Amino acid sequence: MDILQHLLVGFSHVFEPSVFLILCLGIIIGVVGGALPGISFVNAMALALPFSYVMEPASGMVFLAGIYCGGVFGGSISSILINIPGSPGSLPATWDGYPMTKRGESGRALGIAIVCSAIGGLASALMMIFVSVPFATFALRFGQPEFFAATILGLVSVVAIAKGNMISSMLALFAGLVVGSVGLDPLYAIPRLTFGSEILENGVNFVVVLIGMFAIGEVLAWIGEKHSAKVKAHHDMDTHTRLPSWRDLYRLKGTIARSSGIGCAIGAIPGAGAVIGAIIAYGVEKQVSKRGAEFGTGVEEGLAAPETAKNATTGTATIPLLTLGIPGSAATAIMLAALMLKGIQPGPMLFVTSADLVYTVFAGYLLANILMIAFGFVVARGFTLLMKIPPAMLFGFITVLCLVGAFGVRNNIADVYVALGFGAVGYFMRRFGIPTAPLILGVILGPLAERYFLTAMISYNNDLSVFVTRPLSATILGIALAFLLWSLSPSIKEFFGKRRLRRAEAVSRSAEKTAKRRVS
Amino acid sequence: MNVKAQAKRIVRAGLCGPAVTVAAAIVMLVFVRQENESALVISQEVYGPIIWPQVMFLGVIVSAGLMFTSRFADCFIRNKEAPAGSSDQDDLKLFLGFCAVMLYGIGMLYIGFALSTFLFLICWMFLGGMRNPVTIGSAGLAGTVGLLFLFIKVAYLPLPRGVGVFDDIHVALYRSLGIF
């Protein structure tokens with residue numbers, strides 16, 4: 001009852017005209033920023049942070065929450081329409097969302113993405129409201145071994161998703177992990193694989209790799225396409241974004257429920273975030289769904305799962321921030337900066353000293369996920385109208401936007417050249433049938449995994465058994481192993497089935513020969 | 001089967017890529033150990049800075065090795081035909097497009113963001129099949145000016161202004177547009 005009373009007070013603050021307008025503005029900025037390849041919602045939050053200084057603390061936090069919720073969804077618009085993820089978490093949306101666009105169902109795909117994102121975000125916001133305090137106690141049990149185990153779970157999911165293309169995916173993943181280790185190591189600041197270059201000492205930023213492999217790679221693939229293919233694709237585009245029907249939503253209920261749970265759980269782990277949540281949800285759905293074998297061809301479940309999961313990470317990712325003062329991602333780190341600048345210290349006492357602020361933020365998250373449906377439609381509609389402009393013009397501007405985005409990561413022209421290099425790599429990987437997503441995911445998750453591994457080894461005297469002797473870590477690694485075996489089980493069954501068949505054939509042939517000899 | 005035909009078969013089976021990858025990964029595995037003496041010293045006591053890249057290179061070697069074995073078995077044991085290459089690609093346009101993007105990235109540093117963007121947009125639209133000079137010119141100009149306002153005036157990005165006379169041109173341009 002206490003929580004509900006506080007929440008009502010929070011809603012009364014959010015519905016004040018100035019706060020409500022600021023929330024709406026935040027959602028629009030987030031969706032647009034997330035949808036523009038090369039910009040990303042994290043950059044949008046960073047740009048908006050100075051504006052939050054002049055606002056009241058609650059208004060500033062609601063503003064940033066709006067950008068966060070809108071931005072996590074926004075990246076899916078470009079993923080679905082032009083196969084270029086606007087943010088890393090929207091990468092899985094390209095796997096089934098873009099094939100739906102190629103089939104002329106972009107409006108339907110966007111509608112599914114918007115509604116599923118909103119449902120996932122709402123579930124996460126409710127979890128945040130009712131579970132924050134008990135979670136704080138549980139979260140304190142997470143140490144470096146658990147964080148390492150969580151990133152391993154994410155990496156395993158990448159390979160588990162691959163199924164038929166597992167060896168290529170493994171190769172791309174390990175290549176990505178190698179790229180992620182270029183630069184100074186996270187503990188000793190010793191340069192690795194830098195070849196004496198100061199540019200490489202700064203490491204390879206994953207946003208730059210994402211922009212290069214997806215955006216530049218896509219642009220090169222487009223320019224290399226023969227004219228007839230280009231014209232056909234342009235004219236078949238369905239530009240009417242529409243809500244999925246109640247029947248569609250009912251059919252997706254299992255997917256939405258599972259993915260909400262996965263996203264909420266993963267989001268609560270600091271450092272895990274939307275990317276891992278989306279990939280694991282996609283991988284689980286691929287195993288569970290009756291249409292799992294069709295994933296990657298434009299299956300609604302393949303789009304709904306990662307979309308639900310990634311927005312389901314937003315609320316629970318804020319829990320460690322508010323309850324422990326630990327930001328779990330770049331987005332929540334920006335929110336922490338906003339709180340600290342206002343002189344507000346997050347932690348368990350925040351719920352006592354600034355309950356109004358906390359519950360205003362909670363109400364803001366709930367409202368943001370509802371309003372996101374309307375604003376998501378408007379922005380998606382605007383983007384689909386953009387698709388009517390000549391592709392040559394559109395892809396030209398996309399290239400400029402992406403290279404500026406690469407430059408803007410560290411205000412360093414070297415990142416532009418890295419993006420161009422990975423653009424060429426991405427194009428050729430696509431051409432030779434090697435999936436690009438595992439490489440990018442390796443670049444994203446590799447540095448995290450390495451940092452957690454090395455700090456765990458320092459904390460536990462180089463004892464590798466700590467990952468299996470700590471119950472939480474062992475459980476997460478056990479889940480990763482089970483997930484891998486589960487995804488391999490069809491291949492294992494096929495292998496043993498073929499062996500049994502070959503043995504049976506050999507026995508039958510031998511019996512025939514024996515029978516013939518007897519007769520003769 | 002003669003040597004030339006065998007070589008063609010090996011190329012079509014896609015064996016060169018994995019083989020080169022394995023070789024390169026082995027070289028890099030050795031290189032990463034020798035790259036930094038301090039790293040080697042630390043690694044003798046603890047799981048240090050080179051353990052992670054070494055394990056990842058081992059992963060690359062194993063994966064590329066598996067890929068090589070699988071393709072070798074498909075080609076020479078199961079005698080499966082490798083799939084024919086795609087005929088949907090215009091390699092000349094691809095090469096020109098790639099050059100345009102590369103020159104844009106390099107040009108940004110030397111002739112500045114505004115000029116390189118304008119030239120790139122015009123070349124790209126022409127390469128993409130647009131032919132109306134008025135459309136190309138006006139879209140290029142309006143787009144460049146719009147992007148300048150967005151990135152420099154609003155977002156305060158320190159985009160390159162070029163060197164020498166190009167720097168002066170950019171400063172004059174920004175002043176005339178009210179950006180500075």
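Side-chain atoms are counted along with the backbone in the values below, which use heavy atoms only and exclude waters and symmetry mates. Numbered from 1 within each chain, the chains take letters A, B, ... in sequence-line order. Bear in mind that the values here come from a model prediction, so they are computed numbers and not experimental data.
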Report task. Answer yes or no: is there a donor N or O on one side and an acceptor on the other, between the side chain of R192(A) and the main chain of P49(B), under 3.5 Å? Result ->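 Between the backbone of P49(B) and the side chain of R192(A) there is a qualifying donor-acceptor contact (under 3.5 Å).
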
Which answer fits [X], side chain, backbone, both or neither, if we ask what part of it has an atom under 4.5 Å from a heavy atom of chain B?
X: M393(A); result: both
X: L454(A); result: side chain
X: F407(A); result: side chain
X: L173(A); result: neither
X: A172(A); result: neither
X: A189(A); result: neither
X: V219(A); result: both
X: F395(A); result: both
X: L187(A); result: neither

Pairwise side-chain contact, [X] with [Y], heavy-atom cut-off 4.5 Å (strictly under):
X: M56(B); Y: S181(A); value: no
X: L403(A); Y: F120(B); value: no
X: L147(B); Y: V404(A); value: no
X: V400(A); Y: M108(B); value: no
X: V62(B); Y: F174(A); value: no
X: I106(B); Y: L420(A); value: no

Which atom pair, heavy atoms only, marks the closest approach of [X] to [Y]?
X: S70(B); Y: I167(A); result: CB-CD1, 4.4 Å
X: V101(B); Y: I216(A); result: CG1-CG2, 4.4 Å
X: G224(A); Y: L94(B); result: CA-CB, 4.0 Å
X: I413(A); Y: P160(B); result: CD1-CG, 4.0 Å
X: W52(B); Y: A449(A); result: CH2-CB, 3.6 Å

Query raised in the report: Taking the inter-plane angle between the rings of F195(A) and F31(B) on a 0 to 90° scale, is it parallel (under 30°), tilted (30 to 60°) or perpendicular (over 60°)?
Result: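 Correct class here is parallel.
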
Give the member of [options] that has the highest number of heavy-atom pairs under 4.5 Å with chain A.
options: A100(B), G105(B), G97(B), A64(B); value: G105(B)
options: L92(B), L157(B), L121(B), V55(B); value: L121(B)
options: F95(B), F126(B), W124(B), F57(B); value: W124(B)

So which part of [X] gets closer than 4.5 Å to some heavy atom of chain A, the side chain, the backbone, both or neither?
X: F151(B); value: side chain
X: F113(B); value: side chain
X: Y156(B); value: neither
X: L159(B); value: both
X: T21(B); value: side chain

Requested in this report: Check the surroundings of atom CD1 in I199(A): do more than 12 heavy atoms from other residues, nucleotides or ligands lie under 6.0 Å from it?
Outcome: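 No, the 6.0 Å shell around CD1 holds no more than 12 heavy atoms from other groups.
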
Requested in this report: Measure from the ring center of Y427(A) to the ring center of F98(B) and say whether it is less than 6.0 Å.
Outcome: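 Aromatic pair excluded; centres sit 6.0 Å or further apart.
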
Report task. Mind ranking M170(A), E450(A), M457(A) by heavy-atom pairs under 4.5 Å with chain B and telling me who comes out on top? Result ->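 Between M170(A), E450(A), M457(A), the count favours E450(A).
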
**Report entry** Most chain B-contacting option - heavy-atom pairs closer than 4.5 Å, from L193(A), T399(A), D185(A)
**Finding:**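 Winner by heavy-atom pair count: L193(A).
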
**Report entry** Inter- and intrachain pairs under side chain to side chain donor-acceptor pair (under 3.5 Å), touching residues 166-180 of chain B, at least two apart
**Finding:**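 Counting only pairs at least two positions apart or across chains, the side chain to side chain donor-acceptor pair (under 3.5 Å) contacts touching residues 166-180 of chain B are R161(B)-D167(B).
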
